[in-house]
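Quick caveat: nothing in here was measured; it's all calculated off a predicted structure. Starting from 1, each residue takes its place in the sequence as its number.
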Amino acid sequence: MKYLLLCIFLCGVSLSAQVVNKTDSNRVKPQDTLVIDSGRKDSLVIFKPTIYDYQYQTQFSEKKIFDTVFTHDKTFIFSQYNNRDNFGKIQFANIGSGFQSLVFEVNPEQNLSLLPTRKSYFILGINDIKYYDVKTPTTAFIYHNSVSSGAALQSTYTQNIGKNFNFSVEYMGLRSLGMYQHSLASNNNVIFSGHYTSKNNKYEAFAHYIHQNVNNQENGGVADINLFLDGNSNFNNRLNLPVNLNSSDSRFGYRRYYFSQQFRPFASEKFPFKIRHTIFHQGNKYYYNQSAPEAYYFDNAADLIDYPLSSKKYSKNLSNTVSVLFDKENFKLDAGVRHQLIKLGMGTAVPDSLNIPQELSENRIGAVGNLSIKLWNKIELNSNLEFSNGSEFGTFIRSKNLMKFEPVEGYFANAKVNFQTASPSFNLLMNPSVYKRFNYYLKNPNNETITEIGGDINLKWFNSSVFANYFRINNYTYLDAQAMPQQSASSLNISQIGGEATFSYGNFHLNPKVLFQSAIGNKDLLPMPNFVGRANFFWQSKAFKKAAEIQAGVKVYYFTKFASREYFPVLNEFILPNANSYSIGGQPIVDVYFNLKVKRMFFFIEAQHLDTTIMQNKSFTAPNYPIYDFRLNLGIVWYLFS
């Protein structure tokens, strides 16, 4: 299968092709608002807003317009409950239940905070919050159907009050019963955001509040996997399959208050200085609840301790940053100082005999810096540095450096060198549990140090790109087969290489994407497939006298067989496989879809895992966790510009 996808990718250039413009609408040269009546007949001037009057941005970034172009990448985004392209991941059977990552990547949201891996795929960080600038009140809806029962709906409303202030309100609710016993997912978030710019453009402020909940019932996987694999018709209804856990659930809450402002004291362009101040408070809480001890985790009463059945962990971060910014169009430099008050703790103290502190707290002092340089509209350099130090969690250093070179329009290369040294994820530092063997405290751990070197080359021909990455991880921190945190004595090295292209012939298009990866040394500490690939073959055309646009096609997703880590519900993390585990992968996942765009409304209709209608489902997210069988997936996106 992997060789078939590779041949499709490499040999497709022999097709007689036309270039499909992958540039979406938010990068098109902007136009002004249309003037319908200039007021020659009377004093009233009538304006008709265009799409360029509806913009958004993340804090202190360039504005983009709402993307309403019907590009092929949207079928990978709006067919997923988290509205992201999840290439390199494999979803659990129920929406809202997270993924297992098949490809190594660094998640900065786990730095100096408590964030279980399975809960992280739905979380919105500071740089994910959108601030809007719209001519008229604007509403957006994104809908997904659920598995068995329920739905997911995200609603966004935003409006400008005058030219200088915008506010937005967003609510997302997801509830999905799932096709297996005890697998209910119930997620939600609410976001309030605001953006203000003074009339003289000397003062600018961003603010938001976000509260997210990611709640899941935990069933521990299928108790006897042979009942699933034997093809017995009695278990075609997956609710008949016995599971390992019957009274457990996990809950994660994420709340942040955020305010950032900057002021330009001098009007003259000769002194382009700004003073920037950012303050936020973020609290993360993780609960593992059960109505009774689960027999799956213990043999007799001696395996339990005197502790509540429901455990709680939390982290808190109060951060305050002040910096000075030199701001020219082609040269930006800012530097500042930061103070943080960070806490990591548990709700109820464990018995003293376990020697686990109830709370760790520290004040951290640090510095931040950012540099941006643009030369001749062909070279762009962006670099940022964060540093802080504290008594409990040690030194934190993070440096990101990206250079973009575009010698000819449409042909460009990116190169990156990133470095990070930080305390291991807080979820691996301590854990309280009623089960004696799941209590731990990783005292005085070494910093986990990650060096990343990579880049990509993007060509206008076939909208193709080739990328490569190399990671070196020192003191790699992981959970062993007994769910105990460990640190590797030698480095873990990972190499990745891949590419993507789009080949076209008339209205037919082929979009393959492939990734090869391997771990050099210590590869048993992070099992991963050597190959991940997908291919999207589709037809796209205008329809109904150009009043609508249609996409119809087939998607194939595939990764090679590998000795996967196991999912561990108590921590919502993945642990090394035990002696009785088995490999997953080597099974194609085939989806057939029909997508439709009518004005500002998009329909994404997808027959997911269609191949299981003619062959047995042998695909897994993790050992004992089969992925979904055939299901009809529906996604709807609707933009209303009043």
Side-chain angles (χ1 to χ4, degrees), residues 104-117 120 125-126 278 280-286 313-323 335-346 350 354-370 383-401 417-432 439-452 471-480 484-493 522 525-526 571 573:
F104 177 80
E105 58 186 0
V106 180
N107 184 357
E109 294 301 318
Q110 291 182 315
N111 291 334
L112 299 177
S113 69
L114 174 66
L115 181 56
T117 298
S120 65
I126 290 173
T278 300
F280 70 87
H281 180 270
Q282 181 172 302
N284 300 11
K285 297 179 181 179
Y286 174 67
K313 293 194 290 187
Y314 63 87
S315 71
K316 298 178 181 180
N317 182 358
L318 175 60
S319 177
N320 199 355
T321 306
V322 178
S323 60
V337 294
R338 172 176 293 168
H339 172 264
Q340 292 174 291
L341 174 59
I342 293 182
K343 296 181 180 180
L344 169 65
M346 60 184 71
V350 298
L354 295 177
N355 294 318
I356 301 177
Q358 185 173 2
E359 182 180 86
L360 301 174
S361 177
E362 69 173 8
N363 286 281
R364 300 179 67 86
I365 300 295
V368 296
N370 297 277
S383 181
N384 66 67
L385 175 68
E386 298 177 53
F387 165 82
S388 67
N389 188 63
S391 58
E392 291 289 350
F393 307 115
T395 300
F396 171 79
I397 301 175
R398 184 166 184 249
S399 175
K400 294 185 65 179
N401 305 277
V417 178
N418 300 328
F419 175 81
Q420 175 178 299
T421 179
S423 170
S425 170
F426 281 5
N427 202 29
L428 305 187
L429 294 186
M430 64 165 62
N431 188 66
N439 290 273
Y440 61 75
Y441 173 44
L442 188 60
K443 188 176 182 180
N444 298 324
N446 295 318
N447 268 12
E448 188 175 68
T449 301
I450 303 173
T451 302
E452 177 186 5
F471 298 90
R472 179 183 174 90
I473 311 169
N474 292 321
N475 304 314
Y476 173 64
T477 310
Y478 61 96
L479 292 165
D480 63 19
M484 289 289 105
Q486 307 289 343
Q487 290 195 296
S488 63
S490 56
S491 64
L492 172 64
N493 300 275
N522 287 323
L525 302 183
L526 185 59
L571 297 173
E573 298 282 358

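- Formation of a donor-acceptor pair under 3.5 Å by the K313 side chain with backbone atoms of M430 is found in this model.
- With sequence neighbours left out, E362 forms a salt bridge (Lys or Arg N to Asp or Glu O under 4.0 Å) with R364.
- E386 is linked by a salt bridge (Lys or Arg N to Asp or Glu O under 4.0 Å) to R338, R398, counting only residues two or more places apart in sequence or in another chain.
- Atom CG of residue N284 and atom NZ of residue K316 lie 11.0 Å apart, to the nearest 0.5 angstrom.
- Within the 3.5 Å criterion, the main-chain N or O of N493 finds no donor-acceptor partner in the side chain of N522.
- The nearest pair of heavy atoms linking N418 to N401 is OD1-N, 3.1 Å.
- No donor-acceptor distance shorter than 3.5 angstrom exists from the side chain of N474 to the backbone of S490, with no hydrogens or angles considered.
- Note that the CD1 atom of I473 and the CD atom of E452 stand 10.0 Å from one another [nearest 0.5 Å].
- By the 4.5 Å heavy-atom criterion applied to side chains, L112 and N317 are not counted as neighbours.
- The minimum heavy-atom distance linking S315 with L114 is given by the pair OG-N, 3.1 Å.
- Between N111 and A422 the shortest heavy-atom distance is OD1-CB, 4.5 Å.
- With sequence neighbours left out, the ring pair (Phe, Tyr, Trp, His ring centres under 6.0 Å) criterion links F393 to F426.
- E359 places a side-chain heavy atom less than 4.5 Å from the side chain of Y314.
- In this structure, the ring pair (Phe, Tyr, Trp, His ring centres under 6.0 Å) partners of Y478, at least two apart in sequence or on a different chain, are Y476.
- Among T321, N320, N363, the single residue meeting the side chain to side chain donor-acceptor pair (under 3.5 Å) criterion with H339 is N363.
- In plain terms, the two heavy atoms of E573 and L115 that are nearest each other are OE2-O, 4.2 Å.
- Residues K343 and S361 come closest through the heavy atom pair CG-OG, 3.5 Å.
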Legend entry - Evaluation steps, side-chain contact (heavy atoms from CB on, under 4.5 Å), between I356 and M346: CA-CA 10 Å; I356 301 177; M346 60 184 71; 3.4 Å; yes
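- Considering CD1 of I365 and OG of S388, their distance stands at 9.5 Å, rounded to 0.5 Å.
- You'll find the side chain of L428 reaches within 4.5 Å of the side chain of L479, heavy atoms only.
- A heavy-atom distance below 4.5 Å is not found between the side chains of Q420 and T449.
- Atom OG of residue S399 and atom CZ of residue F419 lie 8.5 Å apart, to the nearest 0.5 angstrom.
- Remark: N431 CG to L571 CG distance equals 4.5 Å, nearest 0.5 Å.
- Residues that satisfy the side-chain hydrogen bond (donor to acceptor under 3.5 Å, both in side chains) test with T278, not counting sequence neighbours, are S260.
- Contact of the V417 side chain with the T451 side chain is not registered, since no non-hydrogen atoms from C-beta on lie closer than 4.5 Å.
- Taken to the nearest 0.5 Å, the CG atom of L360 stands 9.5 Å off from the OG atom of S423.
- Between G125 and E109, the closest heavy-atom pair is CA-OE2, 3.4 Å.
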Review item, side-chain donor-acceptor pairs of residues 440-447, under 3.5 Å, at least two apart:
{"unit_1": "Y440", "atom_1": "OH", "unit_2": "N427", "atom_2": "O", "d": "2.7"}
{"unit_1": "N447", "atom_1": "ND2", "unit_2": "T395", "atom_2": "O", "d": "2.6"}
{"unit_1": "N447", "atom_1": "ND2", "unit_2": "T421", "atom_2": "OG1", "d": "3.1"}

